[in-house]
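Each chain gets a letter, A, B and so on, in the order its sequence line appears, and its residues count up from 1.
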Amino acid sequence: MKPGKRLILFFLPGTVLYLALFVYPTLTGLYYSITDWDGLSPSYRYVGADNYARLAEDIVFRKSFANNLKFMLAVVLVQTAVSLALALQLTKKNKRTVALRALFFVPTVLSSVSVGFIWTFIYDPSLGALNGLLEKLGLGALTQNWLGDMNLAIFSVAAVQAWAHIGQMIVLYVAGLQAIPPELLEAARLDGGTRGQVFRKVTWPLLAPAAAIVVSYTTIQSFKAFDLVFTMTGGGPAYSTEILSTFIYGAAFTNGTFGFASAASVVFLALISLITYLQFRLLRADRVSY
Amino acid sequence: MRGLGRIALAAYASVILLPLMLLVFTTMKTTPEFYADPLGLPRRWDFSHYRELFDGQTMWRYFGNSAVVTLSTVALELLLAGMIAYGILRSGRKLGGFMFALFAAGLMVPSQVNMIPIYSLLRKLGWTNSLTGLVLVSAAVLLPLSVFMLSGFMRTLPKEMLEAGAIDGAGEATLLVRIVFPLCAPYLASTAAFLFVIVWNDLLFPMLLVGGKDKLTLPLALLQFRGEFVTDYPMLLTGVVVSTVPMIVLFVFLQRYFISGALAGSLKG
């Protein structure tokens, strides 16, 4: 037998499962998006691009899209910056840095439902620790209804999303930083470079590949966030935290408009692909090798 | 600069630690004590919420469900993805490249995109409210990620080992089981740790696919809990602690694998 033929048996079981429960459903989703299926009836009508036209005019869908971008920008900014700042302090290998890296990683292993509940409690306007702490510090004026305020809620959830993933990003940055040959930094310092100069001229360009991974991972991860928003606010108050994934979930499983929800998920897929493509173009440009 | 760095680390350590300490302390307070002073330290160690939670069989049941689903999914996943990654490694550029692309394409498709048709398909097949259905779906959905991770790892194996084995007349299955899997053991462990976290904590697919009270996994049970206890935070957070402890214990002992798994798993971007 040719080697390829013998290997087919290795591919077979996983590929069958993948085609049946992943690829085939993904394709049927495309088809549902041009029907008016409610998810239950045995029959449905073909409606062409109607669902897509309705989406374009749907106020909540537009709001979800805008919220998605807000959430994504907030998370990307906080998560990539904070994890970089911390990673720079954690590059050396000793007991203290290893312990801190492990501590920072802990939120990553918690379920988003658990994280969501912990922070719903901390954000609770009357019983929560955040307002309680502000009161105790004499900053009572700063207390907020963190998850109940329409302008604030999405950022409150974004902060939790960053809290949950910063540890994971630190791991990526530290791996990138440790790959930088120490001799290079040494040489730059011996040549009289200040800390700032060494960082800008040596560390940063060499860290760029790791930073690119952190930024693109965080962008996609926050764009498709679901669990935290679903557990903490359910999209409220008044759709102020509704994002695309909660919109799709609600349209399908609360309102039973499967065709319409499928159209929204096709748009969602197109957006994810677009973001991935743009990042690929943007971030590849500034990779430096050494 | 030095000092600033230390302050940043200490500040962030408290951003992680304080919420977790608050979490544990809150579960140790009786409910009236909590309402009287929500942020104070517990007056004494009170485990009544934990006792109440484990009263009856349901909590154990949820634990069991989560354990069965997670362990079977991860085991099935390592087996199937391991075979595929091995196939990709051993087959030529054309077939191997095609198979890799087929699975890598799946990385682009988030669950929100195919959750609706997966749900409809499972209902049509009559597999809803079955843990087996949940395991099969979770395994299928995670294949792109695991194939990607494992083929990345397997590419780093020394080719000569396999060639030597093949010359000695070992079949592909023997090579996989006797040479590749043992050599890959730490990588398999990292992948397993990464997948374990995802499956144990998954909300979306359990929520869609299992609804019966006897089939709930821990995250679902927690959601349902909130319905029962609304703002009885001590009780609710006891559920959080209990469902989290196994993960924390595993993390403490297998830290290395969790971290290297997260590193490899995040590179898919």
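Between B:Phe251 and B:Tyr257, the distance separating the two ring centers is not shorter than 6.0 angstrom. Remark: aromatic rings of A:Tyr32 and A:Phe258 are distant, center separation not under 6.0 Å. Taking the six-membered ring for Trp and the full ring otherwise, the centers of B:Phe205 and B:Tyr119 sit at least 6.0 Å from each other.
Using cut-offs of 30° and 60° on the angle between ring planes, the pair A:Tyr18 and A:Phe22 is parallel. The aromatic rings of A:Tyr249 and A:Phe230 lie perpendicular to each other, with more than 60° between the two planes, well past the 30° mark.
Neither the backbone nor the side chain of B:Phe225 comes within contact range of chain A; no heavy atom of the residue lies under 4.5 Å from a heavy atom of that chain. In this structure, chain A has a heavy atom under 4.5 Å from the side chain of B:Leu237, while its backbone stays farther away. Contacts between B:Leu176 and chain A at a heavy-atom distance below 4.5 Å involve the side chain alone, from C-beta outward. Of the atoms belonging to B:Ala139, heavy atoms from both backbone and side chain fall under 4.5 Å from chain A. Looking at A:Val174, neither its backbone nor its side chain comes within 4.5 Å of chain B, counting heavy atoms on both sides. Interface residue B:Leu222: backbone and side-chain heavy atoms are both found under 4.5 Å from chain A. Contact annotation for B:Leu121: only side-chain heavy atoms (C-beta onward) come within less than 4.5 Å of a heavy atom of chain A. For B:Ile118, the parts sitting under 4.5 Å from any heavy atom of chain A are the backbone and the side chain alike. Using a 4.5 Å cut-off between heavy atoms, B:Ser260 makes no contact with chain A at all. Both the backbone and the side chain of B:Tyr12 come within contact range of chain A, each with at least one heavy atom under 4.5 Å from a heavy atom of that chain. With a threshold of 4.5 angstrom between heavy atoms, B:Met99 approaches chain A through side-chain atoms but not through N, CA, C or O. Of the two parts of B:Ile198, neither the backbone nor the side chain holds a non-hydrogen atom closer than 4.5 Å to a non-hydrogen atom of chain A. Neither the backbone nor the side chain of B:Leu79 comes within contact range of chain A; no heavy atoms are under 4.5 Å apart. Neither the backbone nor the side chain of A:Ala264 comes within less than 4.5 Å of any heavy atom in chain B. Heavy-atom distances place both the backbone and the side chain of A:Leu269 under 4.5 Å from chain B.
For the set A:Leu30, A:Val106, A:Leu88, A:Ile166, the count of heavy-atom pairs under 4.5 angstrom toward chain B peaks at A:Ile166. Heavy-atom pairs under 4.5 Å with chain B peak, among A:Ala102, A:Gly167, A:Pro13, at A:Ala102. In terms of heavy-atom pairs under 4.5 angstrom with chain B, the leader among A:Thr15, A:Ile272, A:Ile122 is A:Thr15. With chain B as the partner, the residue from A:Phe268, A:Phe105, A:Trp119 showing the most heavy-atom pairs under 4.5 Å is A:Phe105. Per-residue counts of heavy-atom pairs under 4.5 Å with chain B were compared for A:Ile248, A:Leu103, A:Leu100; the largest is that of A:Leu103. With chain A as the partner, the residue from B:Leu203, B:Val197, B:Leu136, B:Ile116 showing the most heavy-atom pairs under 4.5 Å is B:Ile116. Heavy-atom pairs under 4.5 Å with chain B were tallied for A:Val115, A:Leu19, A:Ile118, A:Thr28; the largest tally goes to A:Ile118.
In this model, a donor atom of one side chain and an acceptor atom of the other lie less than 3.5 Å apart for A:Ser111 and A:Ser114. Between B:Glu77 and B:Ser146, the side chains place a donor N or O and an acceptor N or O closer than 3.5 Å (distance only, hydrogens not considered). Side-chain contact of A:Thr219 with A:Gln279: a donor-acceptor pair under 3.5 Å is present, judged by distance alone. Using modelled atom types, one finds no donor on one side chain facing an acceptor on the other under 3.5 Å when comparing A:Ser33 with A:Asn51.
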Identify all side-chain donor-acceptor contacts of residues 13-22 of chain B below 3.5 Å with residues at least two apart in sequence or on another chain.
unit_1	atom_1	unit_2	atom_2	d
B:Ser14	OG	B:Ala10	O	3.2
B:Ser14	OG	B:Ala11	O	2.7

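Two residues are said to be in side-chain contact when any heavy atoms from C-beta on lie closer than 4.5 Å; B:Phe196 and B:Met247 meet this criterion.
Take A:Leu134 and apply the side chain to side chain contact (heavy atoms under 4.5 Å, CB included) test, not counting sequence neighbours, and it matches A:Asn131, A:Leu139, A:Leu142, A:Thr143, A:Trp146.
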